[in-house]
Student: 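Below is a structure I'd like to ask you about.
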There are 2 protein chains.
Amino acid sequence: MPKESTYSAISKSLWLNSAMISKHLDNSLGAIHGIGLSEYMVLLNLEEAPGQTLRRIDIAEAIGRTASAVTRMLMPMEKIGLVEKVANDRDARVSLVKITAAGREIFTNASVTLDAKSKTLLKNIDSEEAKLLLDLLHSI
Amino acid sequence: MPKESTYSAISKSLWLNSAMISKHLDNSLGAIHGIGLSEYMVLLNLEEAPGQTLRRIDIAEAIGRTASAVTRMLMPMEKIGLVEKVANDRDARVSLVKITAAGREIFTNASVTLDAKSKTLLKNIDSEEAKLLLDLLHSI
DNA sequence: CCTATATACTTGCACACTCAAGTATTGATA
DNA sequence: TATCAATACTTGAGTGTGCAAGTATATAGG
């Protein structure tokens, strides 16, 4: 059997860890705030965007999903009033998405939950290592 | 807006990175060897298991999926002969899974692909950092 | 033994996602 | 201006997964 490289070991570990962690966070957010991690990431990106507004395609890019996933994800989010549609007068093809006050509220609350849960899940890593890990993840 | 903790930043980064990386690896493995990352991980665990045999529940545990996911995943894998069912005479509830010669062959080939692809995906990380990152991921 | 509880799976249903194809609009070029 | 390619989305069909409920077997306590 050929010796496995550190790189494929990282891929595997990343795959496994992320599966576990995502599931935990998803369940927590879902139970408490009624949204999943994907929805949370949408809100996060909208919150940080200039004018709290983004095109659907940019959301898709930002969260690593396809445009169709975003379309379907936003339907219920719009229905319950977390986001709203905004037209773009320069380009009739795009339908902009804007976070609402209700959406911002949910986002803020969910952030607290996410934070707390993340700390518990990553309790084996001290804050020194955490910074290091974050840097490494960002450089990928 | 409350300052976000390093820990939740790690969760988010882990979520995003893993989505991207998994998709790439999944596509590569699928196109070349006809299996996904999950199937690969099943084969990996079987290969490393004593007697190349595991209970379905242990597979589920090892790859972070539920028992039902494993049941459905194994059906096609058994059909194309990557794994085979083995009865357990001590306990009639369990149906053991064993990797076949064909399965081992696919696994070995897929490992090469996975390795190469992982190196390209993680090319921004040198081997020093890679070891560090792997350690951190394992300690989660 | 017999019953109750736990374990190892399997199956029906729902949901989130992708891919491919379709629609509408824009921008560039002949 | 007419056409054609590119872009921003939407939609239909198929896949993989989880949850909850069901089946079969095992184990423990009376």
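Owing to the predicted nature of the structure, the values given are computational and were not obtained by experimental measurement.
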Student: Only counting residues at least two apart or in another chain, list the ones meeting ring pair (Phe, Tyr, Trp, His ring centres under 6.0 Å) with B:Y40.
Tutor: B:F107
Student: Between atom CD in A:E78 and atom C1' in D:dT10, what is the gap in whole Å?
Tutor: 14 Å
Student: B:D58: which residues meet the salt bridge (Lys or Arg N to Asp or Glu O under 4.0 Å) condition with it, sequence neighbours left out?
Tutor: B:R55
Student: Applying salt bridge (Lys or Arg N to Asp or Glu O under 4.0 Å), can you list everything that pairs with A:K117, at least two apart in sequence or on another chain?
Tutor: none
Student: Report the distance from atom CE of A:M73 to atom C1' of D:dT10, rounded to the nearest whole Å.
Tutor: 15 Å
Student: Could you list, one pair per line, each protein nitrogen or oxygen that sits under 3.5 Å from a nitrogen or oxygen of nucleotides 9-11 of chain C, together with the distance?
Tutor:
residue: C:dC9; atom: OP1; partner: B:S95; partner atom: N; Å: 2.7
residue: C:dC9; atom: OP1; partner: B:S95; partner atom: O; Å: 3.4
residue: C:dC9; atom: OP2; partner: B:R56; partner atom: N; Å: 3.2
residue: C:dC9; atom: OP2; partner: B:I57; partner atom: N; Å: 3.1
residue: C:dT10; atom: OP2; partner: B:R56; partner atom: NE; Å: 3.0
residue: C:dT10; atom: OP2; partner: B:T71; partner atom: OG1; Å: 2.6

Student: Find which nucleotide of DNA chain C each of A:T66 and A:D91 is nearest to by heavy atoms, and output the residue with the more 5' nucleotide.
Tutor: A:T66
Student: Which pairs pass salt bridge (charged side-chain N to carboxylate O under 4.0 Å, His left out) with one or both residues in residues 20-43 of chain B, sequence neighbours excluded?
Tutor: none
Student: Send over the distance from B:N88 CG to C:dT7 P, rounded to a whole Å.
Tutor: 17 Å
Student: Would you kindly give the CD1-to-C1' distance between B:I63 and D:dG18, to the nearest whole Å?
Tutor: 13 Å
Student: Can you list every salt bridge (charged side-chain N to carboxylate O under 4.0 Å, His left out) pair that touches residues 91-114 of chain B, not counting sequence neighbours?
Tutor: B:E47-B:R104, B:D91-B:R93
Student: For A:R72, check salt bridge (Lys or Arg N to Asp or Glu O under 4.0 Å) against everything at least two apart and list the hits.
Tutor: none
Student: Below 3.5 Å, can you tabulate the donor-acceptor pairs from side chains in residues 127-140 of chain B to any protein atom, sequence neighbours excluded?
Tutor:
residue: B:E129; atom: OE1; partner: B:D126; partner atom: N; Å: 3.1
residue: B:H138; atom: ND1; partner: B:L134; partner atom: O; Å: 3.4
residue: B:S139; atom: OG; partner: B:L136; partner atom: O; Å: 2.8

Student: Looking only at heavy atoms, what is the nearest atom pair of A:K85 and A:E78, with distance?
Tutor: CE-OE1, 3.4 Å
Student: Is a donor from one side chain sitting under 3.5 angstrom from an acceptor on the other, for B:S11 and A:S118?
Tutor: yes
Student: Whole angstroms only, please: what is the CG-P distance between A:L74 and D:dA8?
Tutor: 16 Å
Student: Starting at atom CG of B:L37, determine the distance to atom P of C:dT18, rounded to an integer number of angstrom.
Tutor: 15 Å
Student: Let me know the distance between CE of B:M20 and P of C:dC17, rounded to the nearest Å.
Tutor: 14 Å
Student: To the nearest angstrom, how far is A:D89 atom CG from C:dT25 atom P?
Tutor: 15 Å
Student: Can you list, by residue number, the residues of residues 22-35 of chain A that have a non-hydrogen atom closer than 4.0 angstrom to DNA chain C?
Tutor: none
